[in-house]
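A quick write-up on the structure given underneath.
Quick caveat: nothing in here was measured; it's all calculated off a predicted structure.
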Amino acid sequence: MEIAKYESEEDYQKAMALINQEKEIQELFKAFEDILLSEKNMIRDEDFMDIKEISNFDQQSRSS
């Protein structure tokens, strides 16, 4: 499993655009798929968002 974190959605989109422009990276990934698996559906590329919620509720309830 590979996990990459980016500061923002915009940074992620820029990075993916750069990676997808590189023919050599695409060729290496295809070679990796061919060696690793005979069933390519086992490799998935998924995007997830890590959202941090900041709340002042704890501070407000303590000062009451």
Side-chain angles (χ1 to χ4, degrees):
M1 177 184 290
E2 176 184 349
I3 297 176
K5 287 192 163 195
Y6 297 87
E7 288 295 317
S8 68
E9 176 74 16
E10 183 180 336
D11 289 345
Y12 167 76
Q13 294 300 335
K14 286 179 185 177
M16 291 300 103
L18 289 172
I19 289 170
N20 290 332
Q21 288 176 11
E22 293 294 327
K23 185 177 180 181
E24 184 179 12
I25 291 175
Q26 298 303 314
E27 291 171 356
L28 288 170
F29 186 72
K30 182 171 178 350
F32 169 71
E33 285 182 316
D34 291 342
I35 291 169
L36 186 61
L37 303 166
S38 59
E39 295 183 36
K40 292 184 182 181
N41 63 354
M42 293 183 70
I43 294 179
R44 294 187 316 229
D45 185 11
E46 298 181 22
D47 298 332
F48 297 93
M49 295 184 97
D50 183 19
I51 299 173
K52 295 180 182 178
E53 184 175 321
I54 300 172
S55 172
N56 292 329
F57 179 75
D58 291 332
Q59 293 175 348
Q60 291 172 352
S61 63
R62 288 181 193 158
S63 59
S64 298

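Closest heavy-atom contact between Q26 and N20: NE2-OD1, 3.4 Å.
Taking E9 as the reference, Q13 meet the side-chain hydrogen bond (donor to acceptor under 3.5 Å, both in side chains) condition, with sequence neighbours excluded.
In E10, the CD atom is not crowded: 12 or fewer heavy atoms of neighbouring residues, nucleotides or ligands sit closer than 6.0 Å.
Taken from NZ in K14 to CG in L18, the straight-line distance is 9.5 Å, to the nearest 0.5 Å.
Under a hydrophobic-cluster definition in which Ile, Leu, Val, Met, Phe, Trp and Tyr are linked whenever side-chain heavy atoms come within less than 4.5 Å, directly or via other members, I25 and F32 are assigned to different clusters.
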